[in-house]
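Quick notes on the structure that follows.
Residues take their numbers from the sequence shown, with the count starting at 1.
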Amino acid sequence: GGWHMINVSDPGVPRFAGCFGEDGYTHDVQCVVYRGSDDRYGGREICFAENQDSVNIVDVTDKSNPIKVSRYVYPNVRYAHQGWLTA
């Protein structure tokens with residue numbers, strides 16, 4: 001399945017915050033507050049979800065309504081499931 005978001009603002013009482021499953025199985029997700037050159041996403045929480053053959057970029061600022069920004073399918077891949085952001 002996809003990924004679940006948990007609100008841990010009170011670590012003693014974790015709460016379900018939302019989910020995203022548009023691309024099926026997701027192995028790894030890395031989220032950041034976007035501070036790049038695209039003003040449409042400035043200050044928004046953006047997640048990069050690494051899947052078997054693709055990466056989804058998802059705006060999760062509103063966890064109850066995540067919005068897919070983009071999806072990139074790796075060419076000629078057999079199986080990939082991890083990624084990491086760099087500066």
Would you check, one step at a time, whether the test side chain to side chain contact (heavy atoms under 4.5 Å, CB included) holds for Tyr72 with Ile57? CA-CA 8 Å; Tyr72 176 77; Ile57 302 171; over 6 Å; no
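- Considering only heavy atoms from C-beta on, Asn7 stays 4.5 Å or farther from Lys63 through its side chain.
- Within a 6.0 Å sphere centred on CG of Asp39, heavy atoms belonging to other residues, nucleotides or ligands number 12 at most.
- Distance check: Asp62 CG to Ile67 CD1 gives 7.5 Å after rounding to the nearest 0.5 Å.
- Side-chain contact between Val60 and Met5 is present, with at least one heavy-atom pair separated by less than 4.5 Å.
- Looking only at distances, no side-chain donor or acceptor of Glu22 sits under 3.5 Å from a matching main-chain atom of Lys68.
- Closest approach of Cys31 and Glu45 over heavy atoms only: CB-OE2, 4.0 Å.
- Linking Ile, Leu, Val, Met, Phe, Trp and Tyr whenever their side-chain heavy atoms come within less than 4.5 Å leaves Val73 and Val69 in two separate clusters.
- In this structure, CD on Glu50 lies 9.5 Å from NE2 on His27, to the nearest 0.5 angstrom.
- Between atom CG of residue Asp53 and atom OH of residue Tyr79 there is a gap of 10.0 Å, rounded to the nearest 0.5 Å.
- Scanning all heavy atoms of the two residues, the minimum distance from Tyr74 to Val55 falls at OH-CB, 3.7 Å.
- Cluster annotation: Val58 and Tyr41 are assigned to distinct hydrophobic clusters (Ile/Leu/Val/Met/Phe/Trp/Tyr, side-chain heavy-atom contacts under 4.5 Å, transitive).
- Side-chain atoms of Phe48 and Val32, non-hydrogen and from C-beta on, do get closer than 4.5 Å to each other.
- In this structure, CD1 on Ile46 lies 5.5 Å from OG1 on Thr61, to the nearest 0.5 angstrom.
- Side-chain contact check for Trp3 versus Asn56: every heavy-atom pair is 4.5 Å or farther apart.
- Shown here for His4 and Cys19, the closest heavy-atom pair between the two residues is CD2-CB, 3.7 Å.
- Taking 4.5 Å as the limit, every side-chain heavy atom of Phe20 sits out of range of all side-chain heavy atoms of Cys47.
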